Amino acid sequence: MSARQRMLFMAWACLACGFANAQAPNTLTPQEKAQGWKLLFNGRNLDGWHSYLQKTPGKDWSVHDGSIELQRGRTGRDEDFADLVTDGEYADFDLKLEWRMTPCADSGVMFYVNESPKYAQTYETGPEMQIADLACTQPDSRVLNERSGDLFDLISSPVEWVNQAPQWNRFEIVADHGHLQFFQNGHKVLDTWLWTDEWKRLVASTKFKAWPDFGTFHKGHVSLQGTEDKGTTPIRLQFRDIKLREL
């Protein structure tokens with residue numbers, strides 16, 4: 001074997017080793033299990049999830065290639081693409097997930113959602129970490145406070161660390177006794193506090209003032225937004241590797 005062949009073989013072996021050691025989506029390492037992480041999505045079905053104010057997931061939600069997938073058009077029955085919510089409720093937590101979308105689509109991850117017929121939509125109670133494709137989602141990706149990684153309509157991240165569709169992105173939301181932090185693709189994009197006087201003044205300066213209970217709950221459901229109709233059709237969103245650790 002020539003020196004060049006040996007180098008190529010070693011490079012291939014290192015690459016193969018990396019693939020072999022890479023953690024598969026929707027799994028937990030022994031270390032993660034010891035730290036208290038739990039999967040909110042098992043990679044096979046939608047057990048543990050339902051559409052908001054419904055008993056089961058709407059028909060536009062499914063599982064495809066190990067991901068929770070929403071595929072919808074611009075029209076249809078609201079109940080078919082209603083936001084997906086966890087069966088469980090969480091107070092202080094560290095949440096991680098991956099997402100990707102078709103070009104120019106739009107979604108969000110909400111938390112502290114209070115599920116009650118009193119509220120028609122998840123966003124009437126739950127703050128949202130925004131999902132928007134880089135640059136082309138109109139108007140969201142071109143408006144401060146509405147870009148990917150922002151605390152929607154409230155606080156803008158200083159840098160938009162989002163990968164262009166259809167690449168995967170990683171979100172992390174840490175909510176610890178009112179201390180809220182967002183991470184996008186490993187970069188911290190938000191650090192703030194909930195339920196303070198400053199928080200109340202901020203909410204009162206936005207459209208959320210129309211819903212007096214918005215951002216007031218200290219425990220609630222996690223939600224994946226399916227009600228936005230931006231982007232080229234068919235609109236497709238995918239979520240995977242959804243894991244949570246209660247703090």
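Every value quoted in this text rests on a predicted model; they were computed, and no experiment measured them.
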How about NE2 on His218, more than 12 heavy atoms from neighbouring residues, nucleotides or ligands closer than 6.0 Å, or not? yes
Heavy atoms of other groups near Glu198 CD, more than 12 under 6.0 Å: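 Incorrect, the count does not exceed 12.
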Quick check: closest heavy atoms across [X] and [Y], and the distance to 0.1 Å?
X: Val174; Y: Leu247; result: CG1-CD1, 4.1 Å
X: Pro166; Y: Arg100; result: O-CD, 3.2 Å
X: Leu84; Y: Ile68; result: CD2-CG2, 3.8 Å
X: Pro127; Y: Gly215; result: CG-CA, 4.2 Å
X: Ala91; Y: Lys219; result: N-CG, 3.9 Å
X: Asp106; Y: Ile131; result: OD1-O, 2.8 Å

Is there a donor-acceptor contact under 3.5 Å from the side chain of [X] to the main chain of [Y]?
X: Trp37; Y: Thr29; answer: no
X: Asn26; Y: Asp241; answer: yes
X: His221; Y: Thr86; answer: yes
X: Glu32; Y: Gly36; answer: no
X: Asn169; Y: Asn163; answer: yes
X: Asp133; Y: Ala105; answer: no
X: Thr196; Y: Trp199; answer: yes
X: Arg72; Y: Asp60; answer: no
X: Ser116; Y: Lys118; answer: yes
X: Glu124; Y: Ala120; answer: yes

Can you say whether the rings of Phe239 and Trp61 are parallel (under 30°), tilted (30 to 60°) or perpendicular (over 60°)?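 Ring orientation of Phe239 relative to Trp61: tilted.
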Sole residue of Thr227, Asp83, Asn114 in side chain to side chain donor-acceptor pair (under 3.5 Å) with Thr122: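 The side chain to side chain donor-acceptor pair (under 3.5 Å) with Thr122 is passed solely by Asp83 among Thr227, Asp83, Asn114.
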Single hit among Gln130, Glu160, Gln184 for side chain to side chain donor-acceptor pair (under 3.5 Å) with Ser148: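 Of the listed options, the one satisfying the test is Gln184.
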Between [X] and [Y], is there a shared hydrophobic cluster once you connect ILVMFWY residues whose side-chain heavy atoms come closer than 4.5 Å?
X: Ile242; Y: Leu28; answer: no
X: Trp168; Y: Leu224; answer: no
X: Ile235; Y: Met101; answer: no
X: Trp193; Y: Leu202; answer: no

Can you confirm if the aromatic rings of [Y] and [X] lie within a centre distance of less than 6.0 Å?
X: Trp195; Y: Tyr112; value: yes
X: Trp99; Y: Phe171; value: yes
X: Phe183; Y: Trp161; value: no

Compute whether any side-chain donor of one residue and acceptor of the other, for [X] and [Y], lie under 3.5 angstrom apart.
X: Ser157; Y: Asp150; result: yes
X: Glu172; Y: His187; result: no
X: Gln71; Y: Arg236; result: no
X: Asn145; Y: Asp153; result: no
X: Thr233; Y: Arg74; result: no

Quick one: does Glu246's side chain get under 4.5 Å of Tyr90's, heavy atoms only? yes
Salt bridge or not between Glu98 and Arg240? Use side-chain N to carboxylate O under 4.0 Å.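 Salt bridge present between Glu98 and Arg240.
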So does Lys243 pair up with Asp94, basic N to acidic O under 4.0 Å?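 So Lys243 does not pair with Asp94 through a salt bridge.
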Hey, could you give me the [atom1]/[atom2] distance between [X] and [Y], rounded to the nearest 0.5 Å?
X: Glu146; Y: Glu128; atom1: CD; atom2: CD; answer: 9.5 Å
X: Asp47; Y: Phe41; atom1: CG; atom2: CZ; answer: 10.0 Å
X: His50; Y: Thr56; atom1: NE2; atom2: OG1; answer: 9.5 Å

Under the ring pair (Phe, Tyr, Trp, His ring centres under 6.0 Å) test against Trp211, which residue among Tyr119, Phe217, Tyr123 passes? Tyr123
